[in-house]
**Q** 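What follows is a structure written as structure tokens; I'll ask about it next.
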Amino acid sequence: MKVSVTTIALKELDVDMMVVPCSEDHREKLATSLKALEDDGVNRALEDFTGKKGEAVVAYPSELNSRRLVLVGVDSDPENEFEHLRDSAARGASTCHDLKVETAAIVVPSYLDNAEMSAQALVEGFVLGSYRFDRYRTNSSSSFKGTQRLVVHSSSNDKAARKGADRGRIVAESVITARDLVNTSPDEKTPVLLAKAIERSGEKYGYTVSVWDKALIEDEKMGGLLAVNRGSMDPPTFSILEWQPDNAVNSKPVVLVGKGVVFDTGGLSLKPTKDSMDAMKSDMAGAAAVIGAMEGVARLNLPLHVVALIPATDNRPGENAYVPGDVVKMHSGKTVEVLNTDAEGRMILADALSYASTYNPELVIDLATLTGAAVVALGKFVGAVMTNRTDGFESRVADMVTAGERSGDRVHPLPLFNKYGEDIKSNVADIKNVGSRAAGSITAGKFLEHFVDYPWIHLDIAGPSFLLSADSYRSVGGTGFGVRLLLDYLRTYSNPKKK
Ligand code: BES
Ligand code: ZN
Ligand code: ZN
């Protein structure tokens, strides 16, 4: 979608639909300013409009250049202000979609004091709310291709609004990259095909990519990744993405790691199909979020040296598949007793995390659809954040939580107390790959902690990365969860003044 910013008089805005967000608290002020337009249609719509969240009242103006206008409500709860803007913009986008609107404008409410962040949130909500994944649909009976152009109208600070709108567009497009990858049919994103998609992305946005094939992965002795891959017909890949600008503020890189299980059947510990295996094309949502975030980092030109690692394979019960009881020697040299082949994510992440050490990283952040227990604990809209107890661990988590609040990709902390580690002691190897049912997300985190020797943040995104029905600007299917979180976190990280 093309996004631009304008300050021209509302009356002059020549679009198919003008979206006007407003909360209950500011309805009177809005009414006063819209009445000045002396338009019958708009005035009548105002009579029906209260400003409540979720509300949308369409008007057909006679005195404006705009063909239509829609008043959309904004939740006036002061907590989570930007999220409410995203929601209202998504409401506007859905009306635009229903009415097959090609060009739209969105008015930044003048009562908001942060024009930059407000414009960013509105553009994110509108662009993400307009997203539809229809690559595979053949019955394109309608010629409507979705809203093509969005004009952001700012009456106060157009410079700030332009900055925010540009950033919002780039962030939303990065989220869409992740959504598209998750929604792609599993047979079109085998590890080799996924790596090719990463190479194309790197070429397009100017970061470097190198892809290891199976032989190189064997040379590196990535025993965890190779064990999971044993049941598969398709070889694994290990992709390394790097953004290293001359003006980087960090001398040691930040390393991102994304779980790239392109399909998780559970392996021999096979998953039941219904409500379990059927959404497992999304088991590479961590990888997708990391790829989207790298695009965003490059496009926003962040002054930060960032490396991203993506171990990719599917997990299948093939003839040679790894079995419960197998003891695997990992990349780090540690041994793991496999007691459930469905706990495969931690096997491949462990190798990527121990390889991350070779970069002498300042910080490593992994994203993974790791445990069903995270969905039980936090639901479908919030991810889990965990960290090891090295210097500054409390602020590390606090900053991630704050980035979640601001970006809308919310996360909540879970502890990594050592006591939990007892659950993954093995009778035959250094550790085993499953604990008991208790605290499943935490024991998975404790497992990964065995493979890190640097400051580390683990994000379990099993819940929010994939939805069975749309929720506001979060589309059905892949949501791209984690992209906005990482971009907000890394942008603040590279500019501590902005904290
Ligand atoms: N990919 C799953 C986790 C998952 C579950 C993601 C639901 C998204 C939605 C992971 O590989 C898995 O199967 N985890 C097991 C671990 C268990 C065997 C210790 C789980 O959570 O059941
Ligand atoms: Zn699994
Ligand atoms: Zn999995």
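Counting convention: from 1, in listed order, for ligands and their atoms alike. Numbers for residues simply follow the sequence, beginning at 1. Computed from a predicted model, the values in this text were never measured in an experiment. As a basis for the values below, the full set of heavy atoms in this structure was taken, side chains included, without hydrogen atoms, waters or symmetry mates.
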**Q** Polar contacts were defined as any N/O atom of the residue lying under 3.5 Å from an N/O atom of the ligand; does this apply to A462 and ligand 1?
**A** no
**Q** Angle at the Zn ion (ligand 3): provide the value between OD2 of D283 and NZ of K259, rounding to 10 degrees.
**A**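 Rounding to the nearest 10 degrees gives 100°.
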**Q** Can you pull out the closest protein heavy atom to atom 19 (C) of ligand 1? Residue, atom name and distance to 0.1 Å, please.
**A** V434 CG1, 3.3 Å
**Q** Does NZ or CZ of R406 fall inside the cone over F82's six-membered ring, less than 6.0 Å from its centre and within 45° of the axis?
**A**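 No.
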**Q** Any sub-3.5 Å donor-acceptor pair from D399's side-chain atoms to Y489's backbone N or O?
**A** no
**Q** So, of the N/O/S atoms that E344 has, which is the nearest one to the Zn ion (ligand 2)?
**A** OE1
**Q** Considering only the protein, which heavy-atom contact is closest to atom 4 (C) of ligand 1, and what is its distance?
**A** M280 CE, 3.9 Å
**Q** Below a 4.0 angstrom heavy-atom separation, can you tell me which part of K259, side chain or backbone, both or neither, approaches ligand 1?
**A**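 K259 to ligand 1: side-chain contact only, backbone stays beyond 4.0 Å.
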**Q** So, does R346 sit close enough to ligand 1 that a heavy atom of it is under 4.0 Å from the ligand?
**A** yes
**Q** Can you check whether W243 and Y207 have ring centres sitting under 6.0 Å from each other?
**A** no
**Q** For atom 2 (C) of ligand 1, what's the nearest protein heavy atom and its distance?
**A** D264 OD2, 3.6 Å
**Q** Which atoms of ligand 1 sit under 4.0 Å from any heavy atom of K271?
**A** 2 (C), 12 (C), 13 (O)
**Q** Yes or no on side-chain hydrogen bond (donor to acceptor under 3.5 Å, both in side chains) for H458 and D366, after CA distance, side-chain angles and deciding distance?
**A** CA-CA 5 Å; H458 165 52; D366 79 75; 2.7 Å; yes
**Q** So, is E344 polar-close to ligand 1, with some N/O to N/O distance under 3.5 Å?
**A**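 Right, the criterion is met.
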**Q** Tell me which part of L370 gets within contact of ligand 1: side chain, backbone, both or neither, using heavy atoms under 4.0 Å.
**A** backbone
**Q** For A368 and L349, work out which heavy atoms get closest and say how close.
**A** CB-CD1, 3.5 Å
**Q** Can a donor-acceptor pair be found between the side chains of E362 and H305 at a distance below 3.5 Å?
**A** no
**Q** Side chain, backbone, both or neither: which part of D342 comes within less than 4.0 Å of ligand 1 when only heavy atoms are counted?
**A** both
**Q** Nearest protein heavy-atom contact for atom 20 (C) of ligand 1: which residue, which atom, what distance?
**A**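 Among all protein heavy atoms, the one nearest atom 20 (C) of ligand 1 is G372 N, 3.8 Å.
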**Q** Give a yes or no answer on whether the side chain of D278 reaches the backbone of D275 with a donor-acceptor pair at less than 3.5 Å.
**A**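 Judged by distance alone, yes, a pair lies under 3.5 Å.
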**Q** Between H331 and F451, does the ring centre distance come in under 6.0 Å?
**A** no
**Q** Students should be able to answer this: which protein heavy-atom is nearest to atom 18 (C) of ligand 1, and at what distance?
**A**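 For atom 18 (C) of ligand 1, the nearest protein heavy atom comes out as N340 ND2, 3.3 Å.
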**Q** With the Zn ion (ligand 2) as the point of reference, which N/O/S atom of D264 is the closest?
**A** OD2
**Q** Taking the ring centre of each residue, are F238 and Y355 less than 6.0 Å apart?
**A** yes
**Q** Can you figure out which of D283, I461, D460 has its heavy atom closest to atom 1 (N) of ligand 1?
**A** D283
**Q** Is it true that the side chains of N340 and S269 contain a donor and an acceptor less than 3.5 Å apart?
**A** yes
